[in-house]
There are 2 protein chains.
Amino acid sequence: MSRFTVATQSNSHSFHLADPCDTCRARDFSACAPLDAEEQSRLTAITRTVQATPHRAIFEEGDPADNVYTLTAGAVKIYKSLPDGRRQITGFLFPGDFLGLTHNESHAYSAEALTLTRLCRFPRRRLEALLDEIPRLEQQLLRMASHELAAAQAQIMLLGRKSARERLVSFLLMLSNGAVRRGQRGDPVSLPMNRSDIGDYLGLTIETVSRTLTKLKTTGLIELLDDKQIHLAKPEALREIAEGF
Amino acid sequence: MSRFTVATQSNSHSFHLADPCDTCRARDFSACAPLDAEEQSRLTAITRTVQATPHRAIFEEGDPADNVYTLTAGAVKIYKSLPDGRRQITGFLFPGDFLGLTHNESHAYSAEALTLTRLCRFPRRRLEALLDEIPRLEQQLLRMASHELAAAQAQIMLLGRKSARERLVSFLLMLSNGAVRRGQRGDPVSLPMNRSDIGDYLGLTIETVSRTLTKLKTTGLIELLDDKQIHLAKPEALREIAEGF
DNA sequence: CGGTCCTTTGACACAGGTCAAGTAATGTGG
DNA sequence: CCACATTACTTGACCTGTGTCAAAGGACCG
């Protein structure tokens with residue numbers, strides 16, 4: 001995985017756990033203690049690569065939490081539901097992201113692929129056993145978890161106090177920054193999810209998402225190349241809107 | 001847009017790091033690998049007990065993240081702010097909870113005591129050094145972080161999809177459950193924070209908080225013993241409301 | 001006993017939700 | 001290649017839950 005190769009999304013982040021240094025770079029982690037060859041091979045020994053197709057659950061809220069995953073290609077949504085059908089998407093995951101880590105017996109959320117997706121699956125018991133033996137693995141997990149926690153708090157701020165416009169703009173910038181971090185282009189932001197998923201992520205309805213995007217377009221802040229491709233016409237102005245100025 | 005407050009993180013338990021087994025029990029963690037006497041004394045060697053008084057910041061968003069804390073007595077709010085003063089409390093912390101863990105150079109949120117509060121302070125560098133030497137310490141942290149993450153997702157669901165009534169009821173039950181976990185009585189729920197903090201936590205205004213509590217009272221679901229003391233008159237009904245039935 | 005802070009309550013406004021219709025893109029079977 | 005269905009997105013008209021603004025009551029305090 002040389003830094004000089006063109007970043008093809010599929011490879012640059014596979015084996016998140018097995019290739020932590022790459023992950024660190026990609027995610028701006030402050031420190032990085034890569035696994036050595038022997039540790040990596042022990043980790044690899046318990047992983048299986050699996051595929052997930054859109055609209056099929058990877059696991060559902062309440063399912064026994066027997067496996068843990070890292071995403072190596074594609075995109076995934078994780079969400080919680082209320083009995084009457086209201087949904088809240090708590091996150092969109094991209095290559096390098098982690099899925100299913102918990103200390104409970106069952107998953108607290110459902111996970112579903114947005115596109116054709118490749119995952120590394122780790123049996124939880126065996127991964128936990130490895131954690132005891134490879135401290136650096138645990139360090140990586142802790143780093144990732146505290147990163148997730150910071151992201152969750154940003155999302156809490158977004159949902160608790162931002163307007164629809166601020167939410168949409170924050171969302172576009174998040175996607176853009178995420179793409180850049182993964183070595184892809186950040187400007188025409190590509191949305192692998194539909195309007196309904198965006199609404200369920202931002203705590204809005206489909207209609208509000210659509211209307212708000214239209215208004216951003218007519219204001220000249222963004223350009224809708226097509227439904228799922230957005231050009232950030234005035235990135236500075238967008239940044240200010242997202243930050244709440 | 002005057003005052004909003006900040007921050008969420010859920011519940012932790014006293015001397016979390018110094019007394020992990022107690023923590024585990026209190027939090028229903030699935031496994032528990034307590035530190036041995038020697039490990040504990042090494043941890044204790046780097047801790048200082050400090051006090052925090054209400055309305056004085058423990059640290060602020062952007063401050064260098066030099067210390068990590070566990071709360072041993074009192075209550076703390078953590079919050080993020082937008083430039084125009086909007087605030088979102090991302091968590092209320094109680095004895096046993098953890099404060100300030102991050103992999104960034106600076107804190108992503110502010111922390112402020114609600115009541116007279118006692119904290120254990122760990123210099124971050126020395127704690128990180130210990131992590132390398134005491135794997136079980138890191139295991140505890142990971143457990144705590146993944147617990148926080150689950151709580152953050154519940155809060156995301158609350159903010160994204162629940163009504164004001166559902167939010168208030170969920171909040172009361174959270175406080176009640178938290179108190180029980182810490183070995184206190186869960187029924188007259190005591191609110192160490194004011195209405196403004198509740199609003200800033202639930203993504204509502206003071207007025208909506210007040211009105212909604214009044215309505216819950218006139219419906220007979222709760223009883224307001226005083227401003228900060230609430231009796232859960234119909235716990236089953238409340239539970240259903242919180243879950244979104 | 002006047003001031004300050006917190007909470008409650010009321011009247012009204014508005015952002016975003018709901019309901020409904022229309023348009024466009026894509027697929028499907030004949 | 002064309003009807004036709006399906007799905008996703010947009011737009012409009014209207015409604016409602018919550019926010020905003022204002023005022024008043026209570027508790028606490030010097």
Side-chain angles (χ1 to χ4, degrees), chain A residues 54-55 77 82 84-89 114-115 158-172 190-219 222-230 241 244, chain B residues 1-5 54-55 77 82 84-88 114-115 158-172 190-219 222-230 241 244:
Chain A
H55 314 299
K77 62 180 174 192
L82 293 176
D84 64 2
R86 279 176 285 174
R87 278 189 181 190
Q88 179 65 36
I89 292 181
L114 292 170
T115 63
L158 180 146
L159 293 169
R161 290 299 179 208
K162 289 188 183 176
S163 68
R165 190 170 94 132
E166 290 166 341
R167 292 182 200 198
L168 257 304
V169 172
S170 300
F171 177 64
L172 294 178
S190 75
L191 313 174
M193 70 293 289
N194 60 28
R195 298 288 188 266
S196 167
D197 286 337
I198 297 175
D200 284 347
Y201 182 61
L202 299 177
L204 302 170
T205 58
I206 301 182
E207 294 93 327
T208 300
V209 171
S210 181
R211 272 190 259 272
T212 306
L213 285 177
T214 302
K215 201 172 281 177
L216 288 171
K217 185 183 66 181
T218 60
T219 325
I222 65 172
E223 243 169 89
L224 284 155
L225 309 184
D226 66 61
D227 276 11
K228 324 225 135 181
Q229 206 78 4
I230 295 182
I241 291 171
Chain B
M1 240 162 262
S2 32
R3 40 198 89 112
F4 295 82
T5 325
H55 316 298
K77 63 183 174 190
L82 292 176
D84 63 2
R86 280 176 285 176
R87 280 186 178 191
Q88 177 65 35
L114 292 170
T115 63
L158 180 146
L159 293 169
R161 290 298 179 210
K162 289 188 182 176
S163 68
R165 191 170 94 133
E166 291 166 339
R167 292 182 200 197
L168 257 303
V169 172
S170 300
F171 178 63
L172 294 178
S190 76
L191 314 174
M193 69 293 288
N194 61 26
R195 299 289 187 265
S196 166
D197 286 337
I198 297 174
D200 285 346
Y201 181 60
L202 298 177
L204 302 170
T205 58
I206 300 182
E207 294 93 329
T208 299
V209 170
S210 181
R211 272 189 259 272
T212 305
L213 286 176
T214 302
K215 201 172 283 179
L216 287 171
K217 185 182 66 182
T218 60
T219 325
I222 64 172
E223 243 170 88
L224 284 155
L225 309 183
D226 66 61
D227 275 13
K228 327 225 134 181
Q229 205 78 3
I230 295 182
I241 291 170

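So that the names make sense, note that chain A is the first sequence line, chain B the second, and so on, each numbered from 1.
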So which protein N/O to nucleotides 27-30 of chain D N/O distances come out below 3.5 Å?
none

When rounded to the nearest 0.5 angstrom, what is the spacing between CE in M193(B) and NZ in K228(B)?
8.5 Å
Within the 4.0 Å limit for protein heavy atoms, which parts of nucleotides 14-22 of chain C are touched? Write it as a string from 5' to 3', B for base, S for sugar-phosphate only, - for none.
--SSBB---
Between the main-chain N or O of L202(A) and the side-chain N or O of R167(A), is there a donor-acceptor pair closer than 3.5 Å?
yes
Side chain of S210(A), backbone of I206(A): donor and acceptor closer than 3.5 Å?
no
L213(A) vs I230(A) side-chain heavy atoms within contact, under 4.5 Å:
yes
Side chains of L172(B) and L191(B) in contact at under 4.5 Å (non-hydrogen atoms):
yes
When the distance from CG of L224(B) to P of dG26(D) is rounded to whole Å, what number comes out?
16 Å
In this structure, how many angstroms lie between the P atom of dA25(C) and the CD atom of Q229(A), rounded?
16 Å
Side chains of L82(A) and K162(B) in contact at under 4.5 Å (non-hydrogen atoms)
yes
Does T218(B) reach the main-chain N or O of K215(B) with its side chain, forming a donor-acceptor pair under 3.5 Å?
yes
Distances for protein N/O vs nucleotides 5-7 of chain C N/O pairs under 3.5 angstrom?
unit_1	atom_1	unit_2	atom_2	d
dT7(C)	OP1	R195(B)	N	3.4
dT7(C)	OP2	R195(B)	N	3.0

